[in-house]
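The chains referred to below are lettered A, B, ... by the order of the sequence lines, with proteins before strands, and numbering in each begins at 1. Computed from heavy atoms alone, side chains included, the values below leave out hydrogens, waters and symmetry copies.
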Number of protein chains: 2
Amino acid sequence: MSSAEPAGTWQQRLRASGHRLTPQREMVLRAVEELGHATPDEVHAEVRRHSDSVNLSTVYRTLELLDDLGLIRHAHLTDRAPTYHSATGHEHAHLVCRACGRTTSIGRDEMEQALSGLAARHGFAPDYGHLTVFGTCADCRQGERGTLEP
Amino acid sequence: MSSAEPAGTWQQRLRASGHRLTPQREMVLRAVEELGHATPDEVHAEVRRHSDSVNLSTVYRTLELLDDLGLIRHAHLTDRAPTYHSATGHEHAHLVCRACGRTTSIGRDEMEQALSGLAARHGFAPDYGHLTVFGTCADCRQGERGTLEP
DNA sequence: ATAGATGCAAATAATTTGCAGACCG
DNA sequence: CGGTCTGCAAATTATTTGCATCTAT
């Protein structure tokens, strides 16, 4: 049904689309996979730890490219910067608590099952791996003591 | 159950929270209600059409205040700027097609029903009025001509 | 009268772009 | 070699903030 990962290694994937395999691209991809969910800035910092400098512009350009190729994905876990994560693992959506900031990953299957009826009804094919549901988690609903801004 | 609109008119709502009723705030609120879904910049432009100048800073400050008070709401309909909309109407979530950009409103009830199981399972209370589901609409799935790689 | 609100301009933050030189294939 | 990529610095875009002045209450 839904095509998830394109065939081939990421190296092949790059070449197949007429792009080149550079050390920067390899480092950025690794950083994203290690960090889990990270902003462009965090990826930049991580890359710098392992190797010498890679320019922030290059990080932005690379993240965009890898996202286009489907090698990584991005989601909006805050009202601010987008965060990137590996696409080689299992596709997942996110529940984000506004009170404590905690993020819970929801497997694609569970989310797909929940939205299947709605999706069918509207002839809409959701991008599950990009979906973020904001709200309040169990812990924060109990201890509800108003707003706690970090 | 879920407290949607606080009691009282928006004027009362403002005063009750220790804020003042200014012409700027009134104009911004009107603009948001007229525009449907609008970015801060669009709200600014709309306000200027009707009356003389209101500073963009004031628009930002006012949108934030009205959002905090629950008089308006915001959602992320693109990977970019947030858009604000009236909260006096029915609360709703959005389906956004990445291909054509079309936005479909989904009533709170329908979305709540779809996610109820998942929400209960995780003890999570979703903010339905903020939820945006990206994906591909029916029309665009047909005309599908693949991905456009550079 | 007076705390809160606005306008303005400058400060931040986040992201993008032009270009010359470096480098993959 | 030759077209891609990268680094760098400057340009954009988006949003926030300090402060003097104004105004709703």
Side-chain angles (χ1 to χ4, degrees), chain A residues 8-32 37-45 47-48 50-69 71-72 74-84 149-150, chain B residues 9-29 31-32 37-45 47-48 50-69 71-72 74-84 149-150:
Chain A
T9 63
W10 62 271
Q11 289 97 332
Q12 298 177 313
R13 194 85 185 85
L14 261 185
R15 310 286 293 283
S17 54
H19 294 98
R20 290 178 181 176
L21 174 50
T22 68
Q24 287 89 338
R25 287 174 178 171
E26 182 167 5
M27 291 190 286
V28 167
L29 180 54
R30 286 216 179 123
V32 169
H37 292 102
T39 61
D41 224 46
E42 292 167 339
V43 171
H44 184 218
V47 167
R48 290 205 154 188
H50 289 288
S51 163
D52 58 329
S53 70
V54 169
N55 195 279
L56 181 57
S57 305
T58 301
V59 171
Y60 273 101
R61 286 187 281 228
T62 303
L63 288 173
E64 185 180 4
L65 174 64
L66 297 179
D67 198 345
D68 284 348
L69 294 180
L71 298 175
I72 62 177
H74 77 275
H76 303 272
L77 268 29
T78 69
D79 279 356
R80 291 231 155 210
T83 63
Y84 290 82
E149 310 288 65
Chain B
T9 63
W10 63 270
Q11 288 97 332
Q12 298 177 312
R13 194 86 186 85
L14 261 185
R15 309 288 292 284
S17 53
H19 294 98
R20 293 178 179 174
L21 173 51
T22 67
Q24 287 89 337
R25 287 174 176 170
E26 181 166 5
M27 292 190 285
V28 167
L29 180 54
V32 169
H37 292 101
T39 61
D41 223 46
E42 292 167 340
V43 171
H44 183 220
V47 167
R48 290 204 154 187
H50 289 290
S51 163
D52 59 330
S53 71
V54 169
N55 196 280
L56 181 56
S57 304
T58 301
V59 171
Y60 274 99
R61 287 188 280 228
T62 303
L63 288 173
E64 185 180 4
L65 173 65
L66 297 178
D67 198 345
D68 284 348
L69 293 181
L71 298 175
I72 62 176
H74 77 274
H76 304 272
L77 268 29
T78 70
D79 278 355
R80 293 232 154 211
T83 63
Y84 291 83
E149 313 282 69

Asker: Find the distance B:Arg80:CZ to D:dT12:P and express it as a whole number of Å.
Answerer: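 From B:Arg80 CZ to D:dT12 P: 15 Å.
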Asker: Decide yes or no for A:Arg30 and A:His50: does some side-chain heavy atom of the first lie under 4.5 Å from some side-chain heavy atom of the second?
Answerer: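 SC-SC contact between A:Arg30 and A:His50 ruled out.
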Asker: Which sits closer to the 5' end of DNA chain C, A:Leu56 or A:Arg15, going by the nucleotide each is nearest to?
Answerer: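 Nearer the 5' end of the strand: A:Leu56.
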Asker: For chain B and DNA chain C, what are the first and last nucleotides along the strand, 5' to 3', with at least one atom under 4.0 angstrom from a heavy atom of the protein chain?
Answerer: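 In short, chain B contacts DNA chain C from C:dA3 to C:dT16.
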Asker: Looking only at heavy atoms, what is the nearest atom pair of B:Arg25 and B:Arg20, with distance?
Answerer: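 Answer, listing the atom of B:Arg25 first, then B:Arg20: NH1-O, 2.8 Å.
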Asker: Which whole-number value in Å describes the distance from A:Arg48 CZ to D:dG7 C1'?
Answerer: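 Rounded to whole Å, this separation is 11 Å.
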Asker: Take atom NE2 of A:His44 and atom P of D:dC8, then tell me their distance rounded to the nearest Å.
Answerer: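 For the pair A:His44 NE2 and D:dC8 P, the rounded distance is 10 Å.
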Asker: Rounded to the Å, how far apart are A:Asp79 CG and D:dA14 C1'?
Answerer: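 Going from A:Asp79 (CG) to D:dA14 (C1'), I get 14 Å.
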Asker: Might you point out which heavy atoms bring A:Val47 and A:Ala31 nearest each other, and give the distance in Å?
Answerer: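 Heavy-atom minimum between the residues: CG2-CB, 3.7 Å.
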Asker: Under the side chain to side chain contact (heavy atoms under 4.5 Å, CB included) rule, what do B:Thr83 and B:Thr78 come out as? Steps first, then yes or no, please.
Answerer: CA-CA 9 Å; B:Thr83 63; B:Thr78 70; over 6 Å; no
Asker: Would you say that A:Pro82 contacts B:Asp79 through its side chain, given a criterion of any heavy-atom pair below 4.5 Å between the two side chains?
Answerer: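 A:Pro82 does not reach B:Asp79 side chain to side chain.
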Asker: From CG of B:Leu65 over to C1' of D:dT16, roughly how many Å is that when rounded to an integer?
Answerer: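 These atoms are roughly 16 Å apart.
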Asker: Take atom CG of B:Asn55 and atom C1' of D:dT21, then tell me their distance rounded to the nearest Å.
Answerer: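 Those two atoms, CG and C1', are 14 Å apart.
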Asker: For D:dT23, take OP1 and OP2 only and decide whether either is under 4.0 Å from a side-chain N or O of B:Gln24.
Answerer: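 Answer no for this pair, as no side-chain N or O of B:Gln24 is under 4.0 Å from OP1 or OP2.
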Asker: Start at the 5' end of DNA chain D and walk down; is the nucleotide closest to A:Thr58 or to B:Glu64 reached first?
Answerer: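 First, find each residue's nearest nucleotide; the 5'-ward one identifies A:Thr58.
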Asker: NA contact type, B:Thr22, heavy-atom cut-off 4.0 Å: base, sugar-phosphate, or nothing?
Answerer: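 Sugar-phosphate contact only - B:Thr22 comes under 4.0 Å of backbone atoms but never of a base.
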Asker: Give the rounded distance in Å between these two atoms: CD of B:Gln11 and P of D:dA24.
Answerer: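 Atom-to-atom, B:Gln11 to D:dA24, this comes out as 15 Å.
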Asker: Which of the following nucleotides, D:dA24, D:dA14, D:dG7, is nearest to the side chain of B:Tyr60?
Answerer: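 Selected nucleotide (nearest to the side chain): D:dA14.
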Asker: Base, sugar-phosphate or nothing for A:Arg61? Non-hydrogen atoms, less than 4.0 Å.
Answerer: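 Base contact.
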Asker: If the cut-off is 4.0 Å, is A:Arg25 near the phosphate of D:dC5, judged by side-chain N/O to OP1 or OP2?
Answerer: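 So the side chain of A:Arg25 is within the cut-off, an N or O lying under 4.0 Å from OP1 or OP2 of D:dC5.
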Asker: For residues 58-68 of chain B, please give each side-chain donor-acceptor pair under 3.5 Å, one per line with the distance, not counting sequence neighbours.
Answerer:
unit_1	atom_1	unit_2	atom_2	d
B:Thr62	OG1	B:Thr58	O	2.6
B:Asp67	OD2	B:His74	ND1	2.5

Asker: Nearest whole Å is fine: how far is D:dC5 C1' from A:Glu26 CD?
Answerer: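 After rounding, the reported distance stands at 15 Å.
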Asker: What I want to check is whether the side chains of B:Ser57 and B:Asn55 have a donor and an acceptor closer together than 3.5 Å.
Answerer: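 Present: a donor and an acceptor within the cut-off.
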